[in-house]
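Since the structure comes first, as structure tokens, the remarks are kept for the end.
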Amino acid sequence: MAVLPKQVLSALSLVLSLAIASRAAEEKARPAAKPARVETKPTEADVPYGKHPQQVVDFYMAPSQEPTPVVLYIHGGGWLGGSKNGPGVDVYLREGISVVAVEYRFIPDATQDGVVPPVKGPLGDAARAVQFVRSKAKEWNIDKTRVAATGGSAGACTSLWLAFHDDLADPQSDDPVARESTRLLCAAVGLAQTSLDPQQMKEWMPNSKYGGHAFGFAADPAKNLSQFEVFLAGREKVLPWIKEYSPCALVTSDDPPVGLFYHEPPAMGQELRDPTHSANFGVGLQEKCKSAGVECHLVYPGAPDVNYPKITQMLLAKLKGTK
């Protein structure tokens with residue numbers, strides 16, 4: 001066996017030492033791995049409030065001797081996807097507020113079920129979920145008078161629709177769930193579409209492209225028309241639906257407080273990077289709320305007179321009666 005010269009051994013030893021030192025420096029510089037987020041498990045999962053497989057809720061019970069307020073989380077996804085899973089409940093549970101995460105039929109599900117217009121499926125399901133939660137008040141230790149809603153994007157639009165719509169309770173119904181109220185104490189939402197009127201959206205954001213699917217419109221490749229262009233051309237035919245399902249069209253003086261939270265400042269009448277989630281929607285709704293005397297908080301980077309910097313802060317304050 002050959003014996004390496006001392007010079008070679010010294011060189012190899014130096015290289016090995018440098019490699020070890022370099023590896024140690026890398027390990028030291030590398031940020032510590034964040035612990036995996038542990039999701040709080042529902043007290044009851046996939047509780048049905050209707051017959052469709054999508055008509056289920058997860059219930060997270062806050063420990064309390066007294067009936068608790070409750071936040072309904074309605075997820076986004078354009079009424080075409082998304083999930084009720086992982087709503088971030090701990091901030092509420094710690095404050096003695098229970099949470100219900102709502103799943104609902106998507107527009108294709110509603111269309112398959114023959115629901116007209118298709119958006120009536122997810123919105124009607126959310127209303128039914130509110131009634132169902134109230135019907136479980138005794139079993140789930142919930143205060144029926146302190147029910148709020150939150151969500152993002154389409155879930156935000158749904159939450160606002162619930163906040164502004166007249167009560168859908170049917171006192172004469174044989175169904176005890178249907179006899180419960182759909183009214184909310186408040187709603188605080190993120191990136192909400194506040195109107196489903198294509199003409200109004202185009203005035204607020206000229207490059208708008210959202211909403212046609214809510215009323216069954218589709219693109220027309222033969223005429224090289226986008227879904228939104230077909231929607232805008234057919235607006236008059238569905239105007240009664242637009243007025244029924246646009247939150248902005250439903251505002252009246254007896255409506256509860258709402259909070260509208262956006263990631264970017266508004267720029268009314270300008271083309272925007274993300275017109276579907278623009279704070280212009282918030283400006284339009286806030287003007288309507290002001291004229292009706294309804295409390296409306298509009299929050300975005302640089303917004304003036306911000307009372308609640310975060311959605312959670314507004315919900316906690318309103319549900320606990322602190323502000």
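Computed from a predicted model, the values in this text were never measured in an experiment. Along the sequence shown, residues carry numbers from 1.
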Quiz item: Do you see a donor-acceptor pair shorter than 3.5 Å between the side chains of H277 and S153?
Solution: yes
Quiz item: If you draw a 6.0 Å radius around CD in Q112, do more than 12 non-hydrogen atoms from other residues or ligands fall strictly inside?
Solution: no
Self-check item: Donor + acceptor pair across side chains of H297, Q286 (<3.5 Å)
Solution: no
Self-check item: Between S246 and D197: side-chain donor-acceptor atoms closer than 3.5 Å
Solution: no
Quiz prompt | Side-chain donor/acceptor of S64 to backbone N/O of G96, under 3.5 Å | solution = no
Exercise. State yes or no: are the ring centers of F215 and F231 separated by less than 6.0 Å?
Key: yes
Quiz item: Taking side chain as C-beta onward, heavy atoms only, is V70 less than 4.5 Å from R146?
Solution: no
Practice problem: State whether the side chain of S278 and the backbone N or O of P275 hold a donor-acceptor pair below 3.5 Å, judged by distance alone. | Solution: no
Quiz item: Do the side chains of T312 and Y92 get nearer than 4.5 Å, heavy atoms only?
Solution: yes
Quiz item: Testing D166, D255, T145 for side-chain hydrogen bond (donor to acceptor under 3.5 Å, both in side chains) with R183, which one passes?
Solution: D255
Exercise. Verify the neighbour count for atom NZ of K136: are there more than 12 heavy atoms of other residues, nucleotides or ligands below 6.0 Å?
Key: yes
Practice problem: Without swapping roles, check the side chain of S98 against the backbone of A62 for a donor-acceptor pair under 3.5 Å. | Solution: yes
Exercise. Given salt bridge (Lys or Arg N to Asp or Glu O under 4.0 Å), test D46 with K84 step by step and report yes or no.
Key: CA-CA 10 Å; D46 294 325; K84 65 179 169 53; 2.8 Å; yes
Self-check item: Chi angles and distances behind the salt bridge (Lys or Arg N to Asp or Glu O under 4.0 Å) call for K144, E180
Solution: CA-CA 9 Å; K144 289 186 182 185; E180 297 286 350; 3.1 Å; yes
Quiz item: For E139, does the CD atom have more than 12 heavy-atom neighbours from other residues, nucleotides or ligands under 6.0 Å away?
Solution: yes
Practice problem: For the residue pair N85 and S83, confirm or rule out a side-chain donor-acceptor distance under 3.5 Å. | Solution: yes
Exercise. Report the C-alpha distance between K223 and E229 in whole Å, list the side-chain angles of each, state the deciding distance to 0.1 Å, and finish with yes or no for salt bridge (Lys or Arg N to Asp or Glu O under 4.0 Å).
Key: CA-CA 11 Å; K223 296 182 179 179; E229 289 170 326; over 6 Å; no
Practice problem: Determine whether the side chains of W79 and T158 contain a donor N or O and an acceptor N or O closer than 3.5 Å. | Solution: yes
Practice problem: Check for a donor-acceptor pair, side chain of D220 on one end and backbone N or O of A222 on the other, with a separation under 3.5 Å. | Solution: yes
Quiz item: If we ignore angles and hydrogens, is there a donor and acceptor under 3.5 Å between the side chains of T182 and Q131?
Solution: no
Quiz prompt | Option among P265, P266, S208, S195 that satisfies the side-chain contact (heavy atoms from CB on, under 4.5 Å) test with N280 | solution = P266
